[in-house]
Every structure is written in C-alpha cells, then in structure tokens.
Amino acid sequence: MSAILQGAGAGAAAALSPFNSIDSNKVVAPSRSSLSVRCKRYIVAGSDDGTNQSFGSSSLVARRSQPLMIPNAVSTTKADTAASSTSSKSGHELLLFEALQEGLEEEMDRDPHVCVMGEDVGHYGGSYKVTKGLADKFGDLRVLDTPICENAFTGMGIGAAMTGLRPVIEGMNMGFLLLAFNQISNNCGMLHYTSGGQFTIPVVIRGPGGVGRQLGAEHSQRLESYFQSIPGIQMVACSTPYNAKGLMKAAIRSENPVILFEHVLLYNLKESIPDEEYICNLEEAEMVRPGEHITILTYSRMRYHVMQAAKTLVNKGYDPEVIDIRSLKPFDLHTIGNSVKKTHRVLIVEECMRTGGIGASLTAAINENFHDYLDAPVMCLSSQDVPTPYAGTLEEWTVVQPAQIVTAVEQLCQ
Amino acid sequence: MALSRLSSRSNGIARPFSAAFNRFISTDTTPITIETSLPFTAHLCDPPSRSVESSSQELLDFFRTMALMRRMEIAADSLYKAKLIRGFCHLYDGQEAVAIGMEAAITKKDAIITAYRDHCIFLGRGGSLHEVFSELMGRQAGCSKGKGGSMHFYKKDSSFYGGHGIVGAQVPLGCGIAFAQKYNKEEAVTFALYGDGAANQGQLFEALNISALWDLPAILVCENNHYGMGTAEWRAAKSPSYYKRGDYVPGLKVDGMDAFAVKQACKFAKDHALEKGPIILEMDTYRYHGHSMSDPGSTYRTRDEISGVRQERDPIERIKKLVLSHDLATEKELKDMEKEIRKEVDDAIAKAKDCPMPEPSELFTNVYVKGFGTESFGPDRKEVKAALP
C-alpha cells in the first residue's frame, strides 16, 4: 500500500505565499489541481503508482488490478447507510466502533511509534470498545491505561509526540478534555509555531461527544466549538463506519495534531466497508446526496436527522443537496463553494450551540466568500444555548429535529 | 565529559578566547576533588557523597560559562529597559549553578524541559549568544525564528524541549518525553524543571503518579528560589519541603548555589531514574532579579536579603574562590576573562541588532506541518477559493 502515503515532502508542493492575489481562475497549489477530485469521483491509485504523491485527492481506494473511475461515488439516499464507500463487491460489515478499532489496529501494526493512551483503554477494552483487544495484542506499553488525570496524560502524549512518537489520546468523553484545555491549546496547537518549526506534534486526540440519551449536561458537551479557535490543530468529525476508519487512519498519519470527534450515539451504526486499505482526506467534505435546490451542510449525528428530513423533503418535491462537512477545521470551502454556486441556498444543521458554534463560523465563512451566489440568507439550525437537560422530552428539544429541518428548507425555498 | 563539552562548542565561545588563555583551557584534566558546602538531605533514598570529582579544566569551564550566563542576563536587563526586548523577560542570574551543574552531569541525549526562565539553560545546551539575543529581540536569526520570544527557546538537536509560558504545564510534557525515552529504549533521562510556585500545580502530582506507576526515567527538579513571583514559599505551600512532596517518590535537597552539589545530585538522579524510576530534586537557589522585568523584586523581600545572598552564596564567587585557591588562575586573569566575556556579549548584541525582523510571510509558516496539502490560515482556506470547473 505504498501508493497511499507517507511521502515525506510530498504535500509540500507549492510554496504558497498568502499575499499573492488569489486569481479565482488559478489554483494555488498546482499539484493538487492535477488530481482535482472533489467528491464527485475517486481516483484510484494502482498499487505501484508513484505519481499520486499529492494528497489532495479524496479517498484513495487502492485497487491492485484495474483502475476504476466511479462517477458520483456517493450512492443512495438511504438515511441509515448513506455510504460513501464504493460499490465494492468485496467488503465486510461492521459497526462504527469496530471500524475505528480496525483503523487504529492497522495503523499500530504499520508503525511502531503509534501508541494509545487513555482511561480504561487497555485491559478494560475501552469504554466504547474502540480499543478492544489492542492491549492483548500490543502490550501495556503501547496501549496505556492512565489514571484519571486528563491534564497530565494529554500533556504526556504531547511531550511524547515532540520526540517522535504518535500517541492517540482518548478522552473517555470529550467533555473531560476541558481539563486538558491548556495542554491542547498551548502546547499541542502552538508548539510547532513557537519553536520555529523544530517540533511537530503528530497526536490524535479523540473521543465521543455530543448529546446522547439523557446523559446529563456535563456528559453531553460539544467541544468542537471550544476548540475551533485554537491555531495549529485540525478538527474532523466522523459519521459513518467508512469515514470513521478512513479519518482515524489519516489522522494518525498526519504530522499535525488532529482532534477526531466521534458521537456517542453513532457507535453502533452498521455499514459495509471495503477490505482494501483506504484513508479519507482530512480536509475534505463528503457529498452525501447531490441535489439542486438547496445545500444542507451538516456533520456527525445531525447528518442522520438531515437525511431523515431529506426523505420527507423529496416526497414534497424538493431536491436537497446534503454535504457532510467532516472537516471542521479547516472548512472544505471548495466543495461547499461548488455546491453554493449550484443551489444558491444554504442551510446549516449542526449540534453545536447557537453561540459561537461551528455553524456560526461556517455562516461567516460562506457569507464572506460566496455572498454573490446566495439567493437567501444562510440559515443555521443549532442546538439551544442551554445545558442539556436530563428529561428526555426536554433533551429532544435542545437538538435539531428532522421536522425543524423540513420547515427550514421550505422557508428558504419559497 | 567536560573536555568534550569544551571541544565541541557550538556556542562559539571558546575560539576567540583560548588563544589568550591556552594554559587554562587546554588539556589539564588533573582531577580535583571538591567538597560540597552542605550535605544533601534525602527523602526515601541514600544521599550521595559530598565529595565531587572534578578537574581544573571543569572548574575554569564552570567559571567561564557562569560568568557568560550572568553577563548575558544583565545585558538582557539593559536591553529590556532600552525597549529592545518587549513583553515578558524572566532572568536567571543567581541560579546559574543549576544550569551548569546539570549540564556537567548529563549528555545531550538526556532531555531538559523547563519553564520560562530558560535563557541560561538554552545556552548550556549548546545555544549561541546570537540566537539568544536575536530571539529576545524578535529577529529572524533567533532560535525560534523570532516567533517564540523569551519564553519559547527550544533546541531539538540537543534535546532541549523549552521554554513554556504556562506554569507547571511543562512537567507532564517532560514525563511524556521520559515515556518516549523508555518506549524507544534509549538509556536517557528527562529533567523536568519547575519552580516553587509551580510545585503546587495539580498536574505535577498527576504526572508524578503516572511516572512512578510506569517507572519512567523522569527527574523532577524544583528550582526553589523561595518566591513564586511575589508570594514567598511559606505563604503558598503548607509543606515547603518540595523534595518530600513526592511522598512515595524519593527526593533529594541540594544547595542550588553550589555547582558541584548540583552536578553530584544530577548524576545521582540520572543513575536512580534509569534504574528505579522518578526522583525529585529540590535545588535551593535564589534569583537576584525580580520574577520578571516588570517586577522590581523588592516589594516582597528586603534589599538586605538580596545583598546578603549575593555576598554569601553567590555561585560565581564560590567557583572563583575555588579557582584561586587551587591556583588555576590569578585574579587578574579572571578579570580579563570577564572582560572578554563582556565584549563577546556586546558583540553578540550588536550582531543581533543588525539582524532583520522576520518576513511577513513568516506569520503563516509553521502553523501546520506541510503535508496532506494543508496550508490553512483559519477556518476558511482562502486559497481554496480557486478554480471551479
């Protein structure tokens, strides 16, 4: 699988100067445009293809024999298995947490520098079973059970990364990582810059977040909004087994610190994923359902609420284009821009709070960059600015429900 | 070890110098045994002996490097007052013995990580005066390309991991480095330095717990200068015996103004850490300046106290007395050495002043590591606003 990655200087193609005027007809990074696959097609690399050194392409699915171009690789509009996997006949079915585990295990096999640290990841197998079986296979030094001290073990992971190890730090619940905020913000995000490039911090910080089933306010937090301002980190959110495995692998291989947001309610999603090795591009959005009337941008669990609403909308005669943005920092404005230019209407559906959430940043970004293409103001549906209540009915009202999405689309498309 | 340090100077000190003082800096490795001024106090371990093996070369070396460090810090003081150094500037004068003694006991494979009082440790690890002053003045030639500043000095090739502004946050990082050293099976240790103020941080105890649990080669060094900015140690800590605060982790209290005691303690600690796991060293030291340049340093302590310490415990004076008593140099020669050092520092400052500021494009470099096509300037990637088919 050497075609896929690990090129040392491979991504460093163009020397970009941010002060060049950006000619909208000219792509700044030439090597990427040559492969400019964006969500509509996959370029499939043959196993010895040395030319695919640029990583700007979307998910590379390496086939050993014939190369295959798959137009509109996003298949159906099925709400539960909106699979962006290819129509591969071989494949195996698994749940999302198993996909994460598979990705993690493959990367640990591949690179002895990868280690996992977190609470109960080792002997217990992980509170969501993502690290199940890894301690038996790799030993206690590579799958480390830490005591309950997020600040310290996140710091230790970052310190280890400074020397060249590639730790995967698990927060049992994303909310606990607030205790490690100093380490994540100051050391993880900034050390590469303040050391003048001497140190790289190839950590992956992952964990489940989001509103679950009556878990209470403190265990239902959406940390992506708190972390989004930190310079130097990348944030991705997975939503299907396919992209979970792909993003996990890409995050581990990335030289930058990556925060991988999983969702407590999505761990048991079942999907069939390819047998061959693949990774997903960290900075790319996923086209879930192409359409013409309106662009709906979403990520993580809200994707499923959107797809459910999409069924209703299709019955009512609308044709929504659904994009799972996946990359929360940086936004994939290329995919999003293409979509906006086509549909001229944008609805953002997110689970973050109204104030200062990912949707707020995305609204600002779209307004700034694509204002001329919009026929209606960007609408953003987010969770209410309240601590998540325990009572089931109240909890339901804090997050965006499919009915609200349908109403919003109808309103925008008038 | 002192010999190799001398011959492989990357800080460019020796060359203009050795010509005039050849008879000192040449190969005189006749061993000298020095007694530390105070015995070590130990917690849960046996203290090392008070007799330290040294050589005349090492003695002169200590004097020279400490005088250089002292001169550098005083020069930084003047530069700050002249507004060439801005922001925060935390000076290390008075504490030089800790940096020097530690360097003498370890190799460049052993890692050191410290907080923001890092100029002298950077120098000890092999940094050059030019890099120091350029970084302090925010120039291109600085060790962090001018983007870090006083609190962010790093030197990866000598395993110096900085340079951290947030009090106490470097200790978990240091334990992580020790973890990596154990993971990679390097026979090396990590010295994580912190102050008496940081000793009350929770993350220290968290990291210490993990280090003891996993037997990591981590050595936590408390540079106890008795004041956490303006708060005296007895007002901040219920138990100011920082070497005992590890509880189940052994500790050693060391006279931090005696470079040889520091050297002995660090050697002892390295052997201990490689074999048995973490250990805490408390260096009883003192800083003459205030906490930083914005702090006069006299509102919470008396001038008599400062001058008292300077008279009785000054580390450079101690080495000077040893040099003179062992007849390794005359007063005049040492004075000339100091004059040379002064000139060297002034030259480095002049050279740094001539160095240009970083290019504007440097604002955006090193935010991310290039690879996987990432070159981002924020949540929206302006360069993606590019060609649409």
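Lettering of chains follows the sequences in order, A, B, ..., and the numbering in each one begins at 1. Quantities reported herein were computed from a predicted structural model and do not represent experimental measurements.
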Practice item. Tell me, out of A:I201, A:I233, A:I158, who's got the most heavy-atom pairs with chain B below 4.5 Å. Key: A:I233

**Study point:** Option in A:N187, A:N186, A:T200, A:I358 with maximal non-hydrogen atom pairs under 4.5 Å from chain B
**Key:** A:N187

Between [X] and [Y], what is the shortest heavy-atom contact and its length?
X: A:D145; Y: B:W214; result: O-CZ2, 3.2 Å
X: A:P112; Y: B:Y183; result: O-OH, 2.6 Å
X: A:Q183; Y: B:A169; result: NE2-O, 3.4 Å
X: B:A180; Y: A:T163; result: CB-OG1, 3.0 Å
X: B:F179; Y: A:L144; result: CZ-CD1, 3.1 Å

Exercise for review: Among B:K145, B:M151, B:K147, single out the residue with the greatest number of heavy-atom pairs under 4.5 Å to chain A.
Suggested key: B:K147

Please answer whether the main-chain N or O of [Y] pairs with a side-chain N or O of [X] as donor and acceptor at a distance below 3.5 Å.
X: A:Y193; Y: B:L363; answer: yes
X: B:N366; Y: A:H192; answer: no
X: A:Q198; Y: B:C143; answer: yes
X: B:E206; Y: A:A152; answer: yes

Review point. Which atoms of A:N151 come close to chain B, meaning under 4.5 Å heavy atom to heavy atom: side chain ones, backbone ones, both, or neither?
Key: both

Check your understanding: Can you say whether A:M190 sits under 4.5 Å from chain B via the side chain, the backbone, both, or neither, judging by heavy atoms?
Key -> neither

Review point. Would A:L191 and B:H164 satisfy side chain to side chain contact (heavy atoms under 4.5 Å, CB included), going step by step from the backbone distance to the final call?
Key: CA-CA 9 Å; A:L191 267 172; B:H164 295 274; 4.0 Å; yes

Check your understanding: Yes or no on side chain to side chain contact (heavy atoms under 4.5 Å, CB included) for A:F199 and B:K156, after CA distance, side-chain angles and deciding distance?
Key -> CA-CA 7 Å; A:F199 296 112; B:K156 185 170 184 181; 3.6 Å; yes

Exercise for review: For the residue pair B:N184 and A:H113, establish whether any side-chain heavy-atom pair is separated by less than 4.5 Å.
Suggested key: yes

Practice item. With a 4.5 angstrom heavy-atom cut-off, could you sort out which part of B:I113 is near chain A: side chain, backbone, both or neither? Key: neither

Exercise for review: Please look at B:E135 and chain A and tell me whether the side chain, the backbone, both or neither of the residue comes under 4.5 angstrom of a heavy atom of that chain.
Suggested key: neither

Exercise for review: Test A:M156 against every option in B:L173, B:V171, B:I177, B:L216 by the side-chain contact (heavy atoms from CB on, under 4.5 Å) rule and name the one that passes.
Suggested key: B:L216

Practice item. Under the side chain to side chain contact (heavy atoms under 4.5 Å, CB included) rule, what do B:I210 and A:C149 come out as? Steps first, then yes or no, please. Key: CA-CA 9 Å; B:I210 299 188; A:C149 44; 3.6 Å; yes

